[in-house]
Amino acid sequence: LWYPERQKVEVLMPSPRFPIPQGTLDMLLLQILSLEPAHGYGIAQRLEQISKSVVQVNQGSLYPALHRLEQRGWLKADWKESETGREAKFYSLTRSGQKQLRVEKDSWARLTGAVRLIFDEGAAQ
Amino acid sequence: MRRILNWFRLGRLDGDLDRELRYHIERRVTDLIHSGLPEPEARRHVALELGSETQLREEVRDIWLNRWLRDFLHDLRHSARSIVRSPSLTAAAVLTLALGIGATTALYSLIDQVVLRVLPVDHPERLVLFNWNGEQLAETFGSDHLMSYPICRDLQQQTQFFDGVFCRAATTVNFSTGREPRLTAAELVSGTYFSVLGVSPALGRLLMIDDDQVPGSSPVVVLSYDFWQNQFGGAQDIVGRKVLVNQHPMTVVGVAAPTFHGIDVGEVPSVWIPAVMSAQAIPGFETMLDRRTRWMQILGRLKQNVSLAEAKTGLQPWFKAMLDEDTRRTDFSRFSGEQRRQFLASTLDLSAAPEGHSALRRNLSQPLWVLFVATAVLLALACLNVAGLFLARGSARDREISTRLALGASRGRIGRQLLTDSLLLAFAGGLLGVVLAPIAVRALIEFLPVDSAANNLYAHVDTRLLLFAFLVSLLTGFLAGSAPALQADRKSLDSALRERGGTPSGGLALRRAIVTAQIAFTLILVIAAGLFVRTLSGLLVKGPGFDTSSLISFGIKPALNGYSGAEESRLIRRITEGLRDSSNIQTSAIAHDQLLLGGAWANSLTIQAGERYTTDREVQMNAVSPGFFATLGTRIVSGRDFNEHDALDVAPVNQPLPVSKSGQRAVIVNQAFVKRYFAGRNPLGASVAMGSAPDATPDSEIVGVVENISYRNVREQWEQAFFPLGTEMSGSNFYVRFRGTPESAFRSIRTILRNADPTVPISYFRTLDEQIDRSLNTERMLAALSSSFGTLALLLSVVGLYGVMSFVVTQRTREIGIRLALGATRLSTIWLVLRDALMMITGGTAIALPCVWALGRLVESQLYDVKPTDPVTILAATLVLGLTALGAALIPARRASAVNPTEALRFE
């Protein structure tokens, strides 16, 4: 497909950005929602702000991820009035979602710790 | 689970997702416009950011339902639609499967109840049954696994292996609550029975060790829950009530738990009586504490950490010591050295008995398994038929499937669609089968050679049965659907699309293979039917050796009314006189033991005919009144019948005959006895003694020889010896030959009995024809069911063959037309088609015959006078099947010969 506006779009989307590592999106969503309930668009914006536009989240993969987490019972959703006055679907963490977040944080910490250890080993030599 | 729920609210989920995305897009667009982008561009940008909305939707839907489930539910809907579109095909398939599944489920229900079901007690898997392997040198009362009561008490001391040991024996008592007494099934049990089984009371208490200490001292009974409900209306004040057991007063102490029906599925007791009350429960039985009387089954509960093998090995030293001790007892002197040697060589066997003990199970499990195999074959046939139907439809749907393939559907996906079709049909068939199964089970129970009142068999559908039917349906669906699915998988796409409309090649080889397999299965069933029908007709033709028409037999149990021997003789004399005086009674006679009941009084005999020798196996015995053979219509071949002078004081059955007080004792033997033990010599004048002990005195002279008659059952031809009924060995089984109709004879006999004694319990009352029917119940069941299975199978395979042959003819119309145009005769075109059918029939026969040979072992013991490989039966069955199948093939063959060459060629 060829878009004549391609240049302008690229101005609005500063690059380069990291594609988000596989499997970490769920963890990030849980983390964001652990602070306060939010709707899909709000989450997208917050992801953008928090990651300082370093991490690229494909907005197309956001909704499948949210629904997957809801299906697993980690998130629950309610239709509530949003800040613009329209009804939006607000996601919030369930008890098992909180537990899952702790598990994921823990394993992430262990993983990064291990990776750092390996890097440090390399640096020491 | 949640995903299946999602299926039902898919619409709402879709709406929600739509709103959610809408919201996102609107907000993003608004924000972009705020940052200075014109609206159309903002929208385009958002579309780019989100990617394809359709793909997004699909992705989310996959999360709700996951791919596999979505496809499956979609297939299901598609299948349901296509099934509704072709109702006749659906009805044929569902009915075929329902028959197969229903029959299999019904047989399984019976096998489950008779053979497989474990007792509803604590940890049934730790229950074991004891068996004495070898010679017990004991009088026998009952059928199998019998031992004496004292051995049970010995085993109760073996606490290092068992948590507990109990013994039991089934009997019938005359039970009365003050009103009319009735014969009631009872179980005589040791005091440990309930505690070892772990049964709890529904009311009051159950029997305890204290109830089983001193003979005659514990007149207490426990009622079964059903008996309490039916006979006492569930009266709450039942505990403490006085009842009469054979006219002995006893007290009801409790009611057993509702789920507990004893340990024998074929003989459900209504009351439990302590074994120490056996003299009261079985009049004339005084040998409970005798080690030379075996009459009870002994079961035990293994300790938690003891295995069956450990217990078995561990018990042998005690067992050997007990045998040794037994031989030193005084009553052992009457046995010969050989008998002692055999006795000492005995071992004690243990087998797992989670299902309890049942003679019914032993007798029926083999016939039931045979029938189960037959229904499984029938079900396989039904599967093949449905597979054939699907293939036929599949070829009609060829173009649809090819088109779908061309449009990018995967082959697996198409195959799955076809599989879903057959699964859906199989479940519909299974559902119908489950509805039909209880009717079939009820009919099957009617066939069983057990008293329907006394068994614990029901025609109900429980969860086990539903699970079985579900699994069978699943398997059936897969089997029936796999052939068409495989076919779809193999199809070459472009050849299918290039094919001319109307002449698809649709899996002809596969359909031929299916019909060949059907022929094979059918032949197996038809041969089985032939064998069982020949067995039954052989037994019916053989008969019991006497004329059963115009014969009635009935039994009374005066002893259960508490009558003394003298009172009993007076009563029997009154009845005999009544029968003699009645105008529509020709003759009557009395026997000690009932004929054709499955059991016999048996013992070995010592014969003195010049030299002294003993019989090499037990002789079947009976004691009969003078005129017994004349009443049955059995000829006395040589010698004479008994007369009034032969009736001496003869000892009771369970004792060896004592030395004669006066005169000569008489005995009549049958021809089989003469053949085995006299080998051409004249038996008259030789004498015999009961038993084979060295001190047995042969003092009974053989005064007559009679023709062979059936004693235990029609099948058996055994050596028999008859003794004269005496004042002490009384009998109460009457055999009556009547004039006129059985109904009027029944009426006269009832009047005679009422006049003689209105209270005497009647244990049975039926014509000899009916008695024979009962004794041949198993054979009748096998013959009837195997014939109907054979017929059904024949029908199914003929339909299958017909379908394939008509298909072949349609497909080859052009070829046949060309052949005819080139000068082939009509006859040769018929042969062209028949040859095809003949190939399948021959192939099927070639597969079936080795199977028949292999399966023969399973049915051999159920047959009479015919071998499983009987050439006549096999030939006849093959001919029946072959001719029927050829007949079915002839219809399309004739159509082929009627093809008009010009039309067939213009058809293109």
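FYI, side chains are in, hydrogens and waters are out, and symmetry mates aren't considered; it's all heavy atoms of this structure.
Within 6.0 Å of NE2 in B:H460 there are more than 12 heavy atoms belonging to other residues, nucleotides or ligands. The 12-atom threshold is exceeded at CD of A:E83, counting heavy atoms of other residues, nucleotides or ligands nearer than 6.0 Å. Other residues, nucleotides and ligands place more than 12 heavy atoms under 6.0 Å from the CD atom of B:E26.
Smallest separation of non-hydrogen atoms from A:W79 and B:E20: CH2-N, 3.8 Å. Pairing each heavy atom of B:L56 with each of A:Y63, the nearest pair is CD1-CB, 4.5 Å.
With values rounded to the nearest 0.5 angstrom, B:L17 atom CG is found 7.5 Å from A:K89 atom NZ.
Neither the backbone nor the side chain of B:I25 comes within contact range of chain A, judged by heavy atoms closer than 4.5 Å. For A:A44, the part sitting under 4.5 Å from any heavy atom of chain B is the side chain, from C-beta outward, and nothing else. Residue A:Q45 touches chain B through its side chain alone, counting heavy-atom pairs closer than 4.5 Å.
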### Query
Given the rule in the side-chain contact (heavy atoms from CB on, under 4.5 Å) test, do B:Y23 and A:R86 qualify, once you have shown the distances and angles that lead to the verdict?
CA-CA 8 Å; B:Y23 180 82; A:R86 282 182 56 188; 4.1 Å; yes
